[in-house]
Amino acid sequence: AMADGLEPDPAALRELSGPAALSVLIALIAVALTLLIWRFVQGRRSSRKAVLLLGLCDAGKTLLFARLLSGKYRDTQTSITDSSATYRPSRDKSTNVTLIDLPGHESLRLQFLERFKAAARAIVFVVDSVAFQREVKDVAEFLYQVLVDGTVLRNAPALLIACNKQDVTMAKSAKLIQQQLEKELNTLRVTRSAAPTTLDSSGGPAQLGKKGKDFDFSQLPMKVEFVECSARGSKGEEGDADLEGLEKWLVKVA
C-alpha cells in the first residue's frame, strides 16, 4: 500500500515499466551526463585566465602589450623573458584576464609556450603585416607548432591572428595573410605527414586539420579570427594605437 493509503493502478505500473519508461530513463540519463560534461568544461575554462601574446621577434607584441595596459607608447626591445599583468577588457564587466607577453626569439618561444599553454584561455598570435611576405614561412612554422600542440588542441583556446603595423602603407591585409597562412600550413602538413610520425605531448599523433582536404582555419577545434591593428598608430608615438578590433575580441573571450 502507498503511504497515504491509496493503491497504485496496476495498469499504470505496467505502462511505466514498458518501453516508454525506458525511453524516459535514457533521456534523463543523457540530460544528466550533458549537464555534468558542460559543468566540467566550463569549470576548466573558467580556471584558465591567461591570454598569451605570441609571434616572431619584432612583430610588435611588447608594444601592443604596453598599449593595452596603459594606452601609451613606449620604446621596446626584444624580450628574453615573459611579462604579465592583469587586464580588464571592459569597464562594464568585472571580469579580467592575465595578459602574458612571451618572447618571440626562436630559441625561447617554445619553452615559454610550454610553461604557459595550459593556462591559456585565449591566444593572440601577432603578425608583422609589413614583413609578412618575407617572413611567411617562419610565421607559419611557429603557428604550426602551436596548433599541433596536444594541450592547445585539447583546451582549444580562442585564437586571434592580429595583423599588426597596419599604419604602414606596405602592410598586407588580414585577408591576404589568412590565405597565405592557410597555404603555408597546408604545405607544412603535407611535408610533416610524409616524415616519420611525430607525437604530441599527449602521446598521440599530431595532426592539423582534416585528412584529404586542403587546410583552412575552420577545421581547427578552436574559433580563429583575424583583425587588422596597429600598436604604433597612424600618428606614431604621439597618437593613439588602432586596437579596436583586438579590444572587442578580448571583451568576448574574457
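- Atoms CG and CD1, on Leu53 and Ile100 in that order, are 9.0 Å from each other to the nearest 0.5 Å.
- Between Phe125 and Phe142, the two ring planes are tilted [angle within 30° to 60°].
- Here the closest non-hydrogen pair linking Pro89 and Thr95 is CD-O, 3.6 Å.
- Annotation: cation-pi geometry not satisfied between Arg189 and Tyr144 (NZ/CZ under 6.0 angstrom from ring centroid, within 45° of ring axis).
- The heavy-atom pair separating Leu64 from Cys229 by the smallest distance is CD1-SG, 4.4 Å.
- Of all non-hydrogen atoms in Phe217 and Glu182, the two that sit nearest each other are N-OE2, 3.1 Å.
- Residues Val146 and Leu54 have side chains in contact (heavy-atom distance under 4.5 Å, counting atoms from C-beta outward).
- Side-chain contact annotation: Arg232 with Tyr73, donor-acceptor N/O pair under 3.5 Å present.
- Under the 3.5 Å distance criterion, with hydrogens and angles disregarded, no donor-acceptor pair is assigned to the side chains of Asn96 and Thr86.
- Here the closest non-hydrogen pair linking Leu56 and Arg109 is CD2-NH1, 3.1 Å.
- The nearest pair of heavy atoms linking Gly209 to Phe215 is CA-CD1, 4.1 Å.
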Using the rule given for side chain to side chain contact (heavy atoms under 4.5 Å, CB included), can you reason through Leu160 versus Leu250, listing the C-alpha separation, both sets of side-chain angles and the distance that settles it, and then say yes or no?
CA-CA 9 Å; Leu160 183 75; Leu250 287 168; over 6 Å; no

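- Here the NZ atom belonging to Lys213 is positioned 8.5 Å from the OG atom belonging to Ser218, to the nearest 0.5 angstrom.
- Between Glu141 and Arg192 there is a salt bridge, since a side-chain N of the basic residue sits under 4.0 Å from a carboxylate O of the acidic one.
- Of all heavy-atom pairs between Glu184 and Ala140, the closest is CB-CB, 3.5 Å.
- Using modelled atom types, one finds a donor on one side chain and an acceptor on the other under 3.5 Å when comparing Ser230 with Asp167.
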Assess whether side chain to side chain contact (heavy atoms under 4.5 Å, CB included) is satisfied between Val51 and Ile123, documenting all intermediate values.
CA-CA 5 Å; Val51 176; Ile123 293 173; over 6 Å; no

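- Within 6.0 Å of CD on Glu244 lie no more than 12 heavy atoms contributed by other residues, nucleotides or ligands.
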Intermediate values then yes/no, salt bridge (charged side-chain N to carboxylate O under 4.0 Å, His left out), Lys183 and Asp214:
CA-CA 8 Å; Lys183 182 179 176 183; Asp214 287 343; over 6 Å; no

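- Contact of the Asp82 side chain with the Arg115 side chain is registered, since non-hydrogen atoms from C-beta on lie closer than 4.5 Å.
- Residues Glu228 and Asp242 form no side-chain contact, since every pair of their non-hydrogen atoms from C-beta on lies 4.5 Å or further apart.
- Looking at Leu220 and Leu208, their side chains come closer than 4.5 Å, going by heavy atoms from C-beta outward.
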Side chains of residues 126-136: which donor-acceptor pairs under 3.5 Å do they make with residues two or more places apart or in other chains?
residue : atom : partner : partner atom : Å
Asp128  : OD1  : Val130  : N            : 2.9
Asp128  : OD1  : Ala131  : N            : 3.1
Asp128  : OD2  : Lys165  : NZ           : 2.9
Ser129  : OG   : Cys163  : O            : 3.4
Ser129  : OG   : Asn164  : N            : 3.3
Ser129  : OG   : Asn164  : O            : 2.7
Ser129  : OG   : Gln166  : NE2          : 3.0

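- Applying the ring-ring contact (aromatic ring centres under 6.0 Å, His included) test to every pair with at least one member in residues 87-118, sequence neighbours left out, gives no pairs at all.
- Between Lys252 and Glu225 a salt bridge is recorded (basic side-chain N to carboxylate O distance below 4.0 Å).
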